[in-house]
Amino acid sequence: MNEKASRSTTGKDEVLLDGYRPWPHRWALLVAWTTFPLIWVGGLVTTYDAGMAVPDWPGTFGYNLFLYPWQTWLFGPWDLFLEHKHRLLASLVGFLTIGLVIVVYRQDQRRWMRPLAVWALVAVIAQGGLGGARVLLVERQLAMLHGSIGPGFFAYCVALCVVTSRWWHQQKATPGDANGFQRVSVLAVVVLAYIQLVLGALLRHVPEAASTMYFEVAVWSHLIGAGLLLGTASFVAILMIRGPVGDASFRWLGWVLLLLVGAQIAFGCATWVMKYHWPTFVVQTPITRIYALIEAQGMLQSVIATAHAANGSLLLGVAVLLAVRVLRVYRGSLDPKPLAAVAAPAG
Amino acid sequence: MRRAIEFGVGLTLLLMLGGCGMSRYDFEPNRVYLRSQENITRVELSPVQQQDIQDILEFWFGTADEPRIPSLVDIPMDDLLDLELLHAAAGPVGSEEDGTNFGVYRRNCAVCHGITGDGIGPAGAFLNPYARDFRRGLFKYTSTLGPMTPPTDQDLRLLLERGMPGTSMPSYRLLADRDLDALVQYVKYLAIRGSVERALIVESVDELIDAEDRLVDVAFDQDSPERIAKALTELTPLISFVARPWLEASSRVVEVPPRPADWDSPEAIDRGRALFVGQVANCATCHGNDGRGDVETVDYDDWTKEYFDPQNPRRVREYLALGALKPREIVTRNLRWGIFQGGSEPEDLYQRIYHGIPGTPMPAAPMKDADAPATDLRLVSDDLWDLVAYVLFLSKSGDAVVDGSGASESLSGE
């Protein structure tokens with residue numbers, strides 16, 4: 001590996017950066033920040049069942065995707081607007097990912113970054129193809145798969161952001177005594193957050209001909225998953241907040257994680273109530289008076305459901321951010337010893 | 001460890017692909033009703049006989065993707081159902097460039113009411129009260145006389161726009177006009193189809209003595225449509241029997257008389273209270289003197305009683321295995337909450353009290369003719385307005401204590 005060192009631009013610390021280049025990081029950030037709205041517009045497409053608003057693919061009612069008259073979709077029916085916007089945004093993410101691959105090849109001196117960038121491109125293309133297949137085959141189960149890969153790609157982009165960041169380059173590997181349990185719990189948050197997204201997609205894309213059993217199993221799994229996620233995320237968050245963390249950003253991330261999990265549970269409950277009304281065990285209590293009438297495809301209903309999905313992706317993103325960073329720093333345990341060896345960067 | 005991973009991957013694939021396998025959008029046979037009829041008559045239909053029922057239904061009504069309207073000589077079915085709108089409601093979800101929607105029923109209703117309209121959609125088991133099973137053609141909130149008279153198009157349309165407060169049934173007022181009309185048509189279609197299926201089931205268990213007997217002697221997959229249609233003419237009276245009340249529903253609407261002057265005066269409320277707890281209207285036996293509905297009554301709605309006998313609760317297992325939902329006790333409405341499923345306008349409540357709520361214990365008010373003698377203690381429309389005034393008064397009094405004789409005063413004292 002090329003060991004050409006460069007100075008930290010801030011000049012505040014004297015840490016030698018192991019080949020840090022700003023552009024790969026900037027591109028990765030760009031891809032991640034464009035992917036985030038993409039997945040929640042995708043979520044809106046689901047909320048409004050607009051997946052079939054444009055029946056062909058990759059064309060748009062016979063037009064090239066980019067040449068489709070903007071007046072038609074911008075001022076057209078809402079579902080057409082959503083689906084077309086989703087497609088345009090997706091193309092943008094595709095192009096940005098190509099850019100990322102080029103930048104990584106030209107700038108990042110770590111060879112192992114190359115396959116990582118190429119995988120991002122492969123994923124984006126596959127995801128686009130899957131979206132197309134969902135439209136062409138009119139297959140809702142593919143929509144579900146498409147809906148669960150989206151956040152996965154976002155999480156991957158977040159990981160790329162961390163790996164290309166200045167922060168990453170500043171860390172020094174510190175061999176320590178591995179505390180498996182703590183590392184496992186950070187990873188468990190990632191895995192659980194992702195499983196929850198998949199189960200959520202399963203619930204939102206439930207085939208109308210599915211059995212009540214199918215739906216019940218999905219609901220209960222989602223609830224149990226929520227409980228487990230709450231438990232592990234709180235554990236990890238407290239570890240970060242109280243733990244012997246040299247880097248203040250970890251404490252901060254712990255709080256964010258806690259906040260997102262709490263918000264996610266609130267959004268989840270609200271999503272259910274706004275769609276299916278109060279659950280049986282409260283249905284005969286005065287609470288039901290608060291939100292007595294559901295409005296199908298109402299603004300509030302859609303906003304909450306989309307917020308639940310978007311926040312879920314964000315939660316996954318933060319979990320990945322935290323996990324990758326933890327794995328980078330705490331090669332060993334959360335014990336203060338190895339940390340002392342790490343040069344503490346500013347904030 | 002490896003096995004665990006394999007298991008996990010397998011389970012995931014199963015869930016996903018299993019979902020694919022379940023995306024067959026066929027109408028489900030009414031197994032629960034068939035079994036209940038078999039149990040009553042102690043006749044068991046052979047698989048062929050059961051399949052015949054489904055084949056006949058498909059011949060007459062088409063499939064979940066391709067609805068069809070049977071043609072009858074004695075009833076103008078095209079006046080009753082609009083095929084074009086049915087097509088907009090049926091089939092998979094989609095839309096055109098100009099915003100015309102398809103699969104409107106599947107998109108908006110099927111998660112709860114099911115593809116067949118049996119009230120057993122995927123989310124069906126979670127709801128309380130359960131989603132309506134359309135297949136009996138029995139509806140709770142109607143403007144037509146008698147529990148066996150179906151609702152008018154207008155009733156259904158209103159209900160879709162209004163939703164049912166206090167239940168999982170949403171208001172669909174944001175939907176396009178045409179989509180709402182399509183849904184009304186499709187609900188009627190599912191109700192008529194479901195009722196015809198029930199009639200065919202009854203016909204089968206009554207008529208088919210031997211396992212070899214068949215309702216019609218045709219091969220549905222081989223014979224020409226003309227031949228099948230000819231063979232089926234004998235059975236078309238079943239459709240007429242079901243469809244005629246639907247056609248005549250609009251002529252059986254009971255107009256709500258205009259509200260009398262001072263209909264909600266304190267005196268009217270007091271009169272209403274006297275009626276409410278009195279022997280004739282008898283509302284208090286179920287709703288309690290103060291309308292809280294906390295009187296101990298154990299009862300079930302008619303949809304449930306068809307497969308559930310409270311005297312013999314264990315027998316329900318047989319039906320649960322066939323997909324029936326777990327019986328849920330019906331709850332008398334707490335009138336103090338002011339949440340009325342059939343609408344909270346005074347006119348809505350008048351209709352509720354006048355017609356009762358078909359399919360539930362809530363009875364129609366005992367009404368007398370205008371020329372009945374004074375000794376006849378039954379009610380006239382002004383009495384109903386008094387009851388409406390009292391019910392609305394209760395609904396506005398929240399949790400305040402309402403008892404003692406002067407109902408209206410006891411509240412003003414709060």
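Just so it is clear: chains get the letters A, B, ... in the order the sequence lines come, proteins before strands, and each one is counted from 1. Keep in mind that the numbers below use all heavy atoms, side chains included, and drop hydrogens, waters and symmetry copies.
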Check: Quick one: CD on Glu83(A) to CG on Leu44(A), what's the gap to the nearest 0.5 Å?
Finding: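 One gets 12.0 Å once the value is rounded to the nearest 0.5 Å.
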Note to self: List the residues meeting side-chain hydrogen bond (donor to acceptor under 3.5 Å, both in side chains) with Arg333(B), not counting sequence neighbours, and say none if there are none.
What the structure shows: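 Arg333(B) satisfies side-chain hydrogen bond (donor to acceptor under 3.5 Å, both in side chains) with Tyr141(B), Gln341(B) once adjacent residues are dropped.
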Checklist line | Which residues share a side-chain hydrogen bond (donor to acceptor under 3.5 Å, both in side chains) with Arg31(B), sequence neighbours left out | finding: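 Applying side-chain hydrogen bond (donor to acceptor under 3.5 Å, both in side chains) to Arg31(B) gives Glu28(B).
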Check: Under 3.5 Å, is there a donor-acceptor pair between the Gln54(B) and Glu197(B) side chains?
Finding: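 Judged by distance alone, the side chains do pair up.
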Against chain A, label [X] side chain, backbone, both or neither, depending on which of its atoms sit under 4.5 Å from a heavy atom there.
| X | result |
| --- | --- |
| Cys109(B) | neither |
| Arg328(B) | side chain |
| Ile120(B) | both |
| Thr116(B) | neither |

Checklist line | Top of Thr167(B), Ile339(B), Asn108(B) for chain A proximity - count of heavy-atom pairs under 4.5 angstrom | finding: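 Greatest number of close heavy-atom pairs with chain A: Thr167(B).
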Next item on the list: Measure Val219(A) against the heavy atoms of chain B and call it side chain, backbone, both or neither at under 4.5 Å.
Entry: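 When you check distances to chain B, only side chain atoms of Val219(A) fall under 4.5 Å.
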Next item on the list: Give the C-alpha distance, both sets of side-chain angles, the deciding distance and a yes or no for ring pair (Phe, Tyr, Trp, His ring centres under 6.0 Å) between Trp272(A) and Phe126(B).
Entry: CA-CA 11 Å; Trp272(A) 179 274; Phe126(B) 280 103; 5.3 Å; yes
